[in-house]
Amino acid sequence: MENCLFCKIAEGTIPSKKVYEDEQVLAFYDINEQAPVHVLLIPKKHIESVMEVEREDDALICHLVHVAQKLALQLGLSENGFRLVLNTGAYGGQTVMHMHIHILGGRYMSWPPG
Ligand code: 5GP
Ligand code: ZN
């Protein structure tokens, strides 16, 4: 999708600090980290938000969860725990309209979120 920041990061036209990449997904460090470990995991396919996920995306969404699990192990987060966040829409705090999973870890996460 033209003029989409995360599509450009997925294509490599905007650089990122990559953590993991395969044909379907990309993980890279958030530029403004909110925890000792803060990685963004995105589908390469442009999906605006959770609200635009379709049944044909089932395998992709399942793959994202498996990659999140793999990254939690790789980044040393699995023992103490971590948080996956999918901000959606204005009230959800979504600022980039290309669906992304925040993987946050390395410190205790409070609840409820702000
Ligand atoms: P949202 O607020 O939509 O849930 O999350 C968007 C995230 O993208 C924010 O945490 C923000 O710091 C991150 N971000 C915005 N622009 C860039 C960028 O150019 N590179 C990287 N690596 N992260 C970005
Ligand atoms: Zn996009």
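Just so you know, ligand 1 is whichever comes first in the structure, and atom 1 is the first atom listed for that ligand.
Between Glu54 and Lys45, no side-chain nitrogen of the basic residue sits less than 4.0 Å from a carboxylate oxygen of the acidic one, so the salt-bridge criterion is not met.
In terms of hydrophobic clustering, with Ile, Leu, Val, Met, Phe, Trp and Tyr side chains grouped at heavy-atom distances under 4.5 Å, Ile103 and Leu60 are assigned to a common cluster.
For atom 7 (C) of ligand 1, the nearest non-hydrogen atom of the protein is Asp30 OD2, 3.5 Å. In terms of protein heavy atoms, atom 24 (C) of ligand 1 is closest to Ile31 CG2, 3.5 Å. Counting only heavy atoms of the protein, atom 16 (N) of ligand 1 lies nearest to Leu5 CD2, 3.3 Å.
Within His46, ND1 is the N, O or S atom that lies nearest to the Zn ion (ligand 2). His98 contributes atom ND1 as its closest N/O/S atom to the Zn ion (ligand 2).
Taking only nitrogen or oxygen atoms, main chain and side chain alike, Ile14 does not reach within less than 3.5 Å of ligand 1. Between Tyr29 and ligand 1, at least one pair of N/O atoms sits closer than 3.5 Å.
The line from NE2 of His98 to NE2 of His46 is 7.0 Å long, rounded to the nearest 0.5 Å. Note that the OG1 atom of Thr13 and the CG atom of Leu5 stand 9.0 Å from one another [nearest 0.5 Å].
The only member of Leu64, Leu40, Leu86 that meets side chain to side chain contact (heavy atoms under 4.5 Å, CB included) when paired with His100 is Leu40. The side-chain hydrogen bond (donor to acceptor under 3.5 Å, both in side chains) test with Lys44 singles out one residue from Glu23, Glu11, Glu21, and that residue is Glu21.
Ring-plane geometry between Phe28 and Phe6 is classed as perpendicular, the angle between the planes exceeding 60 degrees on a 0 to 90 degree scale with a lower cut at 30.
Under a 4.0 Å criterion applied to the non-hydrogen atoms of Phe6, ligand 1 contributes the atoms 8 (O). Close contacts of ligand 1 with Gly93, meaning ligand atoms under 4.0 Å from a residue heavy atom, involve 1 (P), 2 (O), 4 (O). The Gln94 neighbourhood of ligand 1 comprises atoms 3 (O), with distances under 4.0 Å to a heavy atom of that residue. The distance from ligand 1 to the heavy atoms of Thr95 drops below 4.0 Å at these ligand atoms: 1 (P), 2 (O), 3 (O), 5 (O), 6 (C). Listed by number with element, the atoms of ligand 1 under 4.0 angstrom from any heavy atom of Asn32 are 12 (O).
Other residues, nucleotides and ligands place more than 12 heavy atoms under 6.0 Å from the CE atom of Met109.
By the 4.0 Å heavy-atom criterion, His100 is counted among the residues contacting ligand 1. Residue contact check for ligand 1: His102 places a non-hydrogen atom closer than 4.0 Å to it.
Using a 4.5 Å cut-off on side-chain heavy atoms (C-beta onward), His63 and Val67 make contact.
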